[in-house]
Number of protein chains: 2
Amino acid sequence: MYTTCSSCPNRSACFDELSINELTKVTEHKSEITYKKGETIIKQNSAAKHIYFVKSGLVKVHIENEDKNLILEVSGKSSMLGVTALNHSKKYNFSVTAIETVEVCEINIDIISNIMTNNVAFSLSIINELNTSIDKLLSKVFYLSHKNIQSRMAELLLNFSDKIFESKTFILPISRTELAELTNMAKENVVRTLKDFESKGYIKSKGRQVEIIDYKSLSEISQ
Amino acid sequence: MYTTCSSCPNRSACFDELSINELTKVTEHKSEITYKKGETIIKQNSAAKHIYFVKSGLVKVHIENEDKNLILEVSGKSSMLGVTALNHSKKYNFSVTAIETVEVCEINIDIISNIMTNNVAFSLSIINELNTSIDKLLSKVFYLSHKNIQSRMAELLLNFSDKIFESKTFILPISRTELAELTNMAKENVVRTLKDFESKGYIKSKGRQVEIIDYKSLSEISQ
DNA sequence: TAATTTTGTTGATATATATCAAAAAAAATC
DNA sequence: GATTTTTTTTGATATATATCAACAAAATTA
């Protein structure tokens with residue numbers, strides 16, 4: 001049940017930079033928590049107290065707004081969440097919610113900060129991680145501003161297939177409404193676009209079950 | 001002419017964390033370069049060799065694409081550019097172009113990396129800077145996906161007024177086409193929206209000259 | 001199992017925004 | 001200063017995508 005960080009197979013890459021002592025310190029101070037589907041892990045605008053590491057299960061990272069929600073990404077094991085709160089405001093700039101049962105390691109932000117102060121390699125690894133986040137956000141900005149709905153949906157499906165499930169068949173972990181929030185389109189158009197892809201023989205789908213049939217065509221549509 | 005980093009009034013915040021020796025080292029290794037309007041400072045996808053610091057003048061940070069360009073932001077003095085290339089790919093993920101005469105300090109990336117390896121406070125300051133970039137990108141994602149063209153144009157004008165020029169009157173540093181690339185709208189709609197704001201008495205404008213008349217209304221439109 | 005609520009689906013219609021084309025103005029070049 | 005090129009402006013039109021409304025199917029709850 002209890003896992004030490006030194007032997008954790010799903011730990012984030014930056015942990016490779018920690019010494020035995022530091023790993024022990026983190027192990028002693030971490031809490032392992034299981035969240036159920038729909039539970040909030042990080043609440044946007046709340047004061048940042050912890051950094052979270054996903055051990056298993058999928059979460060959605062999203063920006064909350066009165067009228068319209070926006071999902072930034074769906075992510076799974078080995079993701080590190082909350083480091084972006086390490087700035088002047090010390091507040092989380094997005095929410096994170098479990099979309100299925102999720103095991104998370106929660107580590108006090110002061111412990112992480114303290115290790116950063118003593119271990120430059122660890123800090124550099126965090127910088128690398130942040131730059132990967134920036135890369136993803138730049139892609140998202142481009143995706144939202146330059147691609148039409150077919151292209152966005154195709155990219156989404158390929159992303160699930162390639163990055164999240166690593167399989168041509170998978171079960172969509174989110175509802176049509178959430179797919180709409182992830183692609184910035186109306187939920188009705190999510191349905192229509194999926195139907196359209198099915199009628200063209202790009203995918204087979206039934207409910208949340210999806211099978212990628214024509215990867216090449218989807219890839220061309222997504223550009 | 002020649003400026004030492006220790007006395008530079010426009011240096012980026014992270015320089016406050018450097019020791020006298022480190023400041024001297026940076027001063028000795030930096031190059032001060034003047035770019036003319038239209039010249040490329042950073043070329044997207046090229047191998048990252050330097051970090052750039054803007055001493056004076058304005059630049060545009062943009063993503064290049066065959067058919068449609070996208071401007072991420074216009075920024076001026078004290079901005080640090082190129083740190084986001086400190087990841088696995090070691091390539092710049094965007095281009096930076098001078099939109100007027102710009103003085104830039106160029107520092108070899110190895111010098112910066114070397115200082116980071118020895119000075120944790122400096123690394124932490126870089127992390128803070130990266131998180132500010134992430135904040136900006138999150139706002140941009142929200143701005144592009146949740147706001148209509150009037151709202152985006154209003155926000156743009158207020159941003160120029162508040163952040164760049166710190167004045168209710170200013171001269172737009174970029175063309176209508178570039179305003180379109182910054183707000184993700186057609187250049188024709190940039191013209192129409194500005195005309196509309198003028199007819200409603202929110203702004204006065206003639207060519208690139210702009211005066212904010214009704215800050216409150218613009219602020220409400222931008223939400 | 002029935003009742004209720006939520007989620008998904010479909011077609012019709014509305015609307016925001018892009019595109020096209022052509023003129024006017026401004027800037028750059030000769 | 002005249003000419004050419006580029007940028008800005010305007011109006012007409014096209015189109016992608018959202019919205020609305022009503023129904024069907026699933027998932028919860030009673």
Roughly, in whole Å, what's the span from [atom1] in [X] to [atom2] in [N]?
X        : N      : atom1 : atom2 : value
A:Ile174 : C:dT7  : CD1   : P     : 13 Å
B:Glu178 : D:dT8  : CD    : P     : 9 Å
B:Lys187 : C:dA24 : NZ    : P     : 18 Å
B:Asp196 : D:dT10 : CG    : P     : 12 Å
A:Gln150 : D:dT17 : CD    : C1'   : 10 Å
A:Met185 : D:dA18 : CE    : P     : 7 Å
A:Lys37  : D:dT28 : NZ    : C1'   : 12 Å
B:Leu144 : C:dT17 : CG    : C1'   : 14 Å

Yes or no on side-chain contact (heavy atoms from CB on, under 4.5 Å) for A:Glu178 and A:Lys60, after CA distance, side-chain angles and deciding distance? CA-CA 9 Å; A:Glu178 288 171 309; A:Lys60 63 173 179 183; 2.8 Å; yes

On a plain distance test, is the side chain of B:Arg192 in donor-acceptor contact with the base of D:dG11 below 3.5 Å?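 Donor-acceptor pair under 3.5 Å: yes.
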
Taking OP1 and OP2 of [N], is either one under 4.0 Å from a side-chain nitrogen or oxygen of [X]?
X        : N      : result
A:Asn189 : D:dA16 : no
A:Arg176 : C:dT9  : yes
A:Lys195 : C:dT10 : yes

Does a side-chain N-to-carboxylate-O contact under 4.0 Å join A:Glu64 and A:Lys43?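 Yes.
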
Looking at [options], which one has an atom nearest to any side-chain atom of [X]?
X        : options               : value
A:Val191 : C:dG8, D:dA16, D:dT10 : C:dG8
A:Ala186 : D:dA26, D:dA18, C:dT7 : D:dA18
A:Thr177 : C:dT10, C:dG8, D:dA16 : C:dG8
A:Glu188 : D:dC20, D:dA12, C:dG8 : D:dC20

In this structure, are over 12 heavy atoms from other groups packed under 6.0 Å from B:Lys147 atom NZ?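 More than 12 heavy atoms, drawn from other residues, nucleotides or ligands, come within 6.0 Å of this atom.
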
Assess whether atom NZ of B:Lys204 is packed by more than 12 heavy atoms of other residues, nucleotides or ligands within 6.0 Å.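 Result for NZ/B:Lys204: open.
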
By nearest heavy atom, map A:Lys206 and A:Ile149 onto DNA chain D; which one lands nearer the 5' end?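 Nearer the 5' end of the strand: A:Ile149.
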
Answer yes or no: is there a side-chain heavy-atom contact under 4.5 Å between A:Met153 and A:Leu156?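 Contact flag for A:Met153/A:Leu156 side chains = yes.
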
